[in-house]
Amino acid sequence: MEARHNKTVRIGQISGFSAGDITRINKLYQCKICGQLLLNNAGTFTSPNYPALYPKNIVCNWIIRAPYYGQILLKFNSFDIRKTKRCFGDYLVIHDGPGKDASVLLEPSCGKTAPAVMSPGSMMLIRFRTAHSTQAQGFSAKYQFGNTVFYNYIVYIVFAD
């Protein structure tokens, strides 16, 4: 892939963008970003300003990418997103893939009940959106990769501590 404004900047890997590619793209196009690409075997991430109140009018995207044939386990240590009817204003939604057109693993969620999700695939998109009204504390999440292991056609998911 070549950058639109500077053809000498090469971007992309065989299996998608690397964390360095994302940094280069954001710098090249002067993007104001909220979120990141997460590639480590395990890690944590939080909503902006956590544990203080998250900002108004933001959209954040975290993409978690496990190795090929890996799966992702996502748990929330803390979850406080302003509760509204049908989570209309502030919400968190999780997709089974790197884009918002991928199937939904977790419908828009808000309130204080912390969800836990395991992806059937090797990529996950976590989208966090806030409105222009009252804020809340946000969330703290942790993830880890698992490997699918087949024994006599029974599937086991192995997660290392």
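Within the structure, every pair that satisfies the ring pair (Phe, Tyr, Trp, His ring centres under 6.0 Å) test and touches residues 74-104, not counting sequence neighbours, is listed here: Phe76-Phe79, Phe76-Phe139. Listed by first and then second residue, the disulfide (SG to SG under 2.5 Å) pairs involving residues 41-82 are Cys34-Cys60 (not counting sequence neighbours). Applying the side chain to side chain donor-acceptor pair (under 3.5 Å) rule to pairs touching residues 106-116 yields nothing, sequence neighbours excluded. Applying the ring pair (Phe, Tyr, Trp, His ring centres under 6.0 Å) rule to pairs touching residues 96-125 yields nothing, sequence neighbours excluded. Sorted by first and then second residue, the side chain to side chain donor-acceptor pair (under 3.5 Å) pairs involving residues 47-59 (not counting sequence neighbours) are Tyr50-Ser78, Tyr54-Asp90.
Looking at residues two or more places apart in sequence or on another chain, you find no side chain to side chain donor-acceptor pair (under 3.5 Å) involving Thr134. Looking at residues two or more places apart in sequence or on another chain, you find a side-chain contact (heavy atoms from CB on, under 4.5 Å) between Cys110 and Ile81, Lys83, Cys87. Under the side chain to side chain donor-acceptor pair (under 3.5 Å) criterion, Asn61 pairs with Arg127, not counting sequence neighbours. Residues forming a side chain to side chain donor-acceptor pair (under 3.5 Å) with Thr46 (at least two apart in sequence, or on another chain): none. Partners of Asn77 according to the side-chain contact (heavy atoms from CB on, under 4.5 Å) rule, which considers only residues two or more places apart in sequence or in another chain, are Ser140, Lys142.
The hydrophobic cluster of Val59 has no other members, since no ILVMFWY side-chain heavy atom comes under 4.5 Å of it.
Using a 3.5 Å distance cut-off with no hydrogens or angles, the side chains of Thr130 and Arg82 do not pair a donor with an acceptor.
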